[in-house]
> 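One structure coming up, written as structure tokens, with questions to follow.
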There are 2 protein chains.
Amino acid sequence: MNQQHSASDTAYEKIRDAIFEEKYERGEKLTEVKLAEELGVSRTPVRDAMRKLEEEGLIKDKRVINPTIKDLMNTFDVRMLLEGFAVRQAARYMGPDRIEGLQRCVETGKQGTTEEIMEANKEFHDIIVRASNNDVLIDTIERMQSVIFLFRRTVVYHQRPRLIEEHEAILEAIQNHEEDQAESLMKSHLKKDLDFSIHSW
Amino acid sequence: MNQQHSASDTAYEKIRDAIFEEKYERGEKLTEVKLAEELGVSRTPVRDAMRKLEEEGLIKDKRVINPTIKDLMNTFDVRMLLEGFAVRQAARYMGPDRIEGLQRCVETGKQGTTEEIMEANKEFHDIIVRASNNDVLIDTIERMQSVIFLFRRTVVYHQRPRLIEEHEAILEAIQNHEEDQAESLMKSHLKKDLDFSIHSW
DNA sequence: AATTATAAAATTGTGTACAATTGTTTTTGT
DNA sequence: ACAAAAACAATTGTACACAATTTTATAATT
């Protein structure tokens, strides 16, 4: 059923995770041969992986990105636009399955482990994004995920206050079909994430 | 100064242009060896090119895209969000160089050849997008350009009425620092492009 | 000592062979 | 004639060799 991972895919995942775990420092030059040796594959799949990582913005000019505050703000400005739009569609109509999904995310946010909370936080936003029913929008946010993840670790590991309550309020607006309210809440929610990320930078 | 084109770059351009010129039909399967032979290079640069084209959405699953009306609408929804935001920043402040650039685009739109008009049309939007001063937003729209271009041919070759007048109105709003007006005009401008594209589909 | 020129090394780009996979036809059995 | 199986063909994935380019180190000139 599930096609097995190719060497390119595993190379991609390993390099990506190594960047997340800061095994490779910010700004470090990544060379194909070095990575190929470390992963025990040839340069070809490594090249594929690096191209994908460049696409996602995790690598730039063969170097691990070292995002500035401005990059962070730019990313969030785009997120606010896209997720603000998405949550409007969600408020217009969202099926019971997805509503339940959001409720579960809130639950986990209240009583899960740190790792579970991070996952639930991401899933909450993912469900709303998918509710946009716009593949272009979905793909665009998907591509931003890696960079966002780099920042989200900060936010959740430091346990930003009121995060779950805000999710709850957004969910309520969705259930009540309050589009304006949902968009407004989502944007201020993301704005707080941004501010929190900047201050704990 | 200008680094010369690599085989990957020229392969990318040639395949892309061939798709634009419909030398390859919508939905046609593109195989690496066939393209490599046609371009007189090995598979390696062709693979690079195809990956980039997939990234841009011109190829999907090794096939030339055959976009649906929904794809078109999705693309424009995202465009409206991003360019609406960009034109706000432009209206807040835009330097004299860029203002002049926009004016030249309007001029060309009035009295240029069809090909020049197309170029000026794109440049008009590009200048505004760049004025957002947000690299994430710029890159995102940049990536959408190929698909947009596929549609824009339709719009300009059929000479949509009032297109230049709308550009002029947007420019005026920018010069008068009317953010709300600029955003509103840009969104309705794009909406008309969308409707026109759909009807001449 | 600083700057330019030259050589060496490292890195990336490209071609090509072969392996693995996928897709297509042919064969076989009922 | 149809379904299943086997053989074959086509396509993509991966490794590796070599070329082209870029970077770094070394030498030469003022």
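A, B, ... follow the sequence lines: proteins, then strands. Residue 1 opens every chain.
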> Indicate the ring-plane relationship of A:His125 and A:His189, choosing parallel, tilted or perpendicular according to the 30° and 60° boundaries.
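Rings of A:His125 and A:His189: parallel, under 30°.
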> What is the distance, to the nearest angstrom, from the NZ atom on A:Lys62 to the P atom on D:dT23?
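Atom NZ in A:Lys62 sits about 12 Å away from atom P in D:dT23.
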> Can you tell me the distance, in whole Å, between the CD atom of B:Glu37 and the C1' atom of D:dT11?
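In whole Å, D:dT11 C1' lies 13 Å from B:Glu37 CD.
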> Whole Å only: how far is the CZ atom of A:Arg63 from the P atom of C:dT12?
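Taking CZ of A:Arg63 and P of C:dT12, I get 10 Å after rounding.
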> Quick check: on DNA chain C, is the nucleotide nearest A:Thr31 upstream (toward 5') of the one nearest B:Lys29, or the reverse? Name the residue that is more 5'.
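The residue whose closest nucleotide sits nearer the 5' end is A:Thr31.
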> Round to the nearest Å and state the distance from B:Glu54 atom CD to D:dT12 atom P.
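From B:Glu54 CD to D:dT12 P: 10 Å.
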> Looking only at side-chain N and O atoms, does A:Arg47 come under 4.0 Å of OP1 or OP2 in C:dG13?
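Checking A:Arg47 against C:dG13: at least one side-chain N or O falls below 4.0 Å of OP1 or OP2.
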> Check this one for me: any side-chain N or O of B:Ser42 less than 4.0 Å away from OP1 or OP2 of C:dG15?
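For B:Ser42, the contact criterion (side-chain N or O under 4.0 Å from OP1 or OP2 of C:dG15) is met.
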> Answer with base, sugar-phosphate or nothing: what part of the nucleic acid does B:Thr44 contact at a heavy-atom distance below 4.0 Å?
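Base contact.
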> Return the value, rounded to whole Å, for the distance between atom CD of B:Glu28 and atom C1' of D:dT11.
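Distance, rounded to whole Å: 16 Å.
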> Out of C:dG13, C:dG15, D:dT14, which has the shortest distance to the side chain of B:Val41?
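For the B:Val41 side chain, the nearest candidate turns out to be C:dG15.
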> If you assign B:Arg43 and B:Asp48 each to the DNA chain C nucleotide with the nearest heavy atom, which residue ends up on the more 5' nucleotide?
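The answer here is B:Asp48.
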> Please say which of B:Leu137, B:Ile138, B:Asp139 ends up in a side-chain contact (heavy atoms from CB on, under 4.5 Å) with B:Ile141.
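The residue from B:Leu137, B:Ile138, B:Asp139 that satisfies side-chain contact (heavy atoms from CB on, under 4.5 Å) with B:Ile141 turns out to be B:Leu137.
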> Answer whether the closest heavy-atom distance between the side chains of B:Val129 and B:Glu83 falls below 4.5 Å.
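When only atoms from C-beta onward are counted, B:Glu83 and B:Val129 do touch, with a gap below 4.5 Å.
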> Would you find more than 12 non-hydrogen atoms of other residues, nucleotides or ligands less than 6.0 Å from B:Lys70 atom NZ?
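Buried by this count: over 12 neighbours within 6.0 Å.
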> Whole Å only: how far is the CG atom of A:Asp61 from the C1' atom of C:dT12?
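Roughly 14 Å, once rounded to whole Å.
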> Please give, in whole Å, the distance from C:dT12 C1' to A:Lys34 NZ?
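My rounded result for the distance is 16 Å.
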> Between A:Ser146 and A:Glu56, do the side chains contain an N or O donor and an N or O acceptor separated by less than 3.5 Å?
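Yes, A:Glu56 and A:Ser146 have a side-chain donor paired with an acceptor closer than 3.5 Å.
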> Ignoring the backbone of A:Pro45, work out which of C:dT12, D:dG13, D:dT14 is nearest its side chain.
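Selected nucleotide (nearest to the side chain): D:dT14.
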> Starting at CD of B:Glu32 and ending at C1' of C:dT16, how long is that distance when rounded to a whole Å?
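Rounding to the nearest Å, CD of B:Glu32 and C1' of C:dT16 are 14 Å apart.
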> Less than 4.0 angstrom between a side-chain N/O of B:Ser8 and OP1 or OP2 of C:dT14, yes or no?
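True: B:Ser8 side-chain N/O within range (under 4.0 Å) of C:dT14 OP1/OP2.
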